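The figures that follow rest on heavy atoms only: side chains count, while hydrogens, waters and symmetry mates do not. Letters go in sequence order (proteins before strands), and every chain restarts at 1. None of the values given here were measured: they were computed from a predicted structure.
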Amino acid sequence: MFAYLVKRVFQAIAVMFVISLIAFAIQGNLGDPLRELVGQSVSEEVRQQLREELGLNDSFLQQYLRFAGNALQGDLGTSYFFKEPALDVILKKLPATLELVFGATLIIIGLSVPLGVYTAIKPNALLSKIIMGLSIVGISIPVFLTAILMIFVFSVELGWLPSFGRGDIVPVWGYWETNFLTADGWAHIILPSIALASIMLPLFVRLIRAEMMEVLQSEYVRYATAKGIRPWRIYFVHALKNTLLPVITVGGVQIGTMVAYTILTETVFQWPGMGFMFLEAVNRVDTPLIVAYLIVVGFIFVVTNTIVDLIYGLVNPTVNIARMGA
Amino acid sequence: MSLLSVRDLTVKFAMRDQTVTALNSISFDLAKGERLGIVGESGAGKSITGFSLMNLLSRPGYIDSGQILFDGQDVVQMSEKALRSVRGNRMAMIFQDPMVTLNPVLTIGQQMVETLRAHRKLSVEEARQIAIVKLREVYIPSPEERLEQYPHELSGGMRQRIIIAIALLLDPQLIIADEPTTALDVTIQADIMELMLELCQSNQVGLILITHDLGVVSQMTERTLVMYAGRIIESGSTRSIINDPQHPYTQGLINALPQQTLPGHQLRQIPGNMPTLAQVPPGCAFNPRCEFATDTCRSQIPKISQYGDVEVACHEVHRLQTEPAREEEQA
Ligand SMILES: Nc1ncnc2c1ncn2[C@@H]1O[C@H](COP(=O)(O)OP(=O)(O)O)[C@@H](O)[C@H]1O
Ligand SMILES: [Mg+2]
């Protein structure tokens, strides 16, 4: 177990190294930081002096090492626009994004398992055909279209749900303010969560259905039937666990990816998370903030993948974590 | 009254472009506690027969007509609920490959306990005690520990013993074993067969043993059915079938046994292959591979008739009987 953990952590560090290289390369190629800092009206001499002070004249390696060293201490540079440490800016926005991802994840898990299982058990039922048809439609409609349609129907026409912002939020701890403690907060998070979930939900339904149908063809399911086990037990004890094992791995990766997908959803709903912030940072060529965003998102991605792998190892009896390290 | 009475069982597969017949009007009986072998090359319809007896055919396959009377009740007509109470309880099945039969994510204990509790009102603890007793009967060392293990932690032979123990859990009247040792290491095949024979005899359990190995059939069973292309082509006491086979196909199977081959000689396999279901030739399905085939064999399906101690479906039995020297001349 310990060896496996160490191995996974090393892999994670290697991935973070690559991400930091990419982020650093972007930093050197996006706009001219001096122009953002001082504007046009400064003499070339002063510019040159500032360059020297900022270390922009050092070699690539020196600059990267300084960048990585600072990053390890939590210093990802200072946002040109906010004039604050970039990491702080992001951490303030992070809870809004994580809550949105959490909301979408709840919807995905809550719906994809029953829908996937149902369509696998009753592939010829009318309802199954409708679900599968909708899932194709769902996959092919872009998120912003789903979002705008929902705003039109539920906010503009019916007036049931608010269309932008987080509404009443309650401070919990540090920068973390939550939507989940007020009715208004819940109302505000519903549409953005559905919009974000709409990309992954059809994929998950289809994935679970395909896995489940394959498992239902397996010899051990036929054997369970031959032992006189009830259908519900075959579906939910024998088949579902075997179905969900591969889904966990794919699912974990997808939830990590969803953090990046929030950019669109947050922009449409003006959700004050880091995706929305990222788009603004790009518009303002706020390079430190862009770079910090990439690193934080990369970090979240790596951490979720590592955790998912560990969970997979724990729930799957045929993976012996103790031995896998060797 | 016999324990099992199969009458004119016909099984078909509804394929995309056509419907093919996998079992063609087969009939046989099994007395209480009797051990019956079903032999034939791969593709003869042996497994389909086994699954049909439990009404457990999977999708494109279905029972087209016929009766399967088990203890007087027709399995073909039973409701799902009635079938559930038969399966695993009064009729148990041992599958071919123990590596894929047990559920990989459930412990041996869970898979044994659930079987008991599906049929009897027992607490988990009571069920575990019965499971332990049955594991002892199949000579599994430290059964208490096995209950906590997952299938992948056990060898193939151990798993097949556990599957035999599961088959015996509810003291069934009939066990259907479909090539139970084919997937196992040769060194333990005989042990497993011996164990099954011992348990069936001591518990008075009927056995239908499906195999392609006539040698195994001769050790294990009292009566034998020989199948070819979805039909029973010869049946009778195992002794008669082994010592005095009538059908050219059965004779070919026996001549192909390793112990029939003189040292230094090649195994005498029957030339050609079993036809696929879509391409069963007219007349006797065996005729393209049969050295005695006549025009009648190529056009008319032979009826089953009593001949000596056995029932056989062959147009040429009488002629074969009068020309027994032919085999020896060639040898
Ligand atoms: N699911 C299926 N769909 C179509 N044909 C099948 C299916 N299962 C078995 N068959 C055919 O039925 C015939 C008998 O199969 P089986 O009973 O498994 O033979 P065996 O005697 O080797 O056990 C074979 O020709 C096989 O190809
Ligand atoms: Mg078979």
Side-chain angles (χ1 to χ4, degrees), chain A residues 1 113 117 119-125 128 208-251 311-324 326, chain B residues 47 50-51 53-59 61 80-108 110-120 148-153 159 162-163 166-167 169-170 172 175-178 183:
Chain A
M1 177 74 199
V113 174
V117 169
T119 51
I121 295 173
K122 299 229 177 295
N124 294 319
S128 292
I208 291 176
R209 173 186 134 102
E211 284 292 338
M212 182 90 173
M213 287 183 89
E214 198 177 315
V215 168
L216 288 177
Q217 294 293 315
S218 68
E219 199 72 354
Y220 56 79
V221 164
R222 196 204 271 241
Y223 180 60
T225 314
K227 293 195 302 180
I229 307 298
R230 282 170 188 283
W232 69 262
R233 190 175 161 92
I234 292 181
Y235 296 141
F236 294 101
V237 178
H238 284 259
L240 189 58
K241 203 171 171 196
N242 284 290
T243 300
L244 291 185
L245 278 175
V247 173
I248 288 177
T249 346
V250 181
I311 291 177
Y312 181 79
L314 286 179
V315 296
N316 185 355
T318 59
V319 177
N320 189 334
I321 287 191
R323 234 182 298 145
M324 268 171 69
Chain B
S47 299
F51 286 120
L53 298 182
M54 277 210 166
N55 203 338
L56 202 70
L57 291 172
S58 53
R59 226 170 316 127
E80 271 303 311
K81 190 160 179 260
L83 279 173
R84 245 188 353 255
S85 74
V86 171
R87 292 175 182 155
N89 185 20
R90 292 159 57 206
M91 199 194 293
M93 193 151 181
I94 296 170
F95 284 34
Q96 181 166 350
D97 187 353
M99 304 311 268
V100 296
T101 303
L102 294 167
N103 193 318
V105 302
L106 301 178
T107 62
I108 303 302
Q110 285 170 320
Q111 299 188 55
M112 296 187 83
V113 166
E114 70 169 2
T115 313
L116 280 159
R117 281 163 53 96
H119 300 289
R120 280 195 209 149
E148 306 309 322
Q149 287 182 307
Y150 288 94
H152 71 93
E153 298 174 69
R159 289 190 219 184
I162 286 166
I163 290 165
I166 293 176
L169 275 178
L170 288 131
I175 291 179
I176 301 161
D178 187 354

Can you find a side-chain donor-acceptor pair between A:R222 and B:S58 that sits under 3.5 Å? yes
Heavy-atom distance under 4.5 Å to chain A: side chain of B:L56, backbone, both or neither? both
Measuring heavy-atom distances to chain A, does B:R117 have an atom under 4.5 Å in its side chain, in its backbone, in both, or in neither? neither
With a 4.5 Å cut-off on side-chain heavy atoms, are [Y] and [X] touching?
X: B:E114; Y: A:H238; value: yes
X: A:Y220; Y: B:Q111; value: no
X: B:N103; Y: A:Y223; value: no

Mind ranking A:R230, A:K227, A:E219 by heavy-atom pairs under 4.5 Å with chain B and telling me who comes out on top? A:K227
Return the option, out of B:V100, B:N89, B:L83, B:I163, with the maximum number of heavy-atom pairs under 4.5 Å with chain A. B:V100
Heavy-atom distances under 4.5 Å only: say whether A:R233 touches chain B with side chain, backbone, both or neither. side chain
Residue pair A:G228 / B:A118: nearest heavy atoms and the distance that separates them: O-CB, 3.7 Å
Any side-chain to backbone donor/acceptor pair from B:H119 onto A:I229? Under 3.5 Å, distance only. no
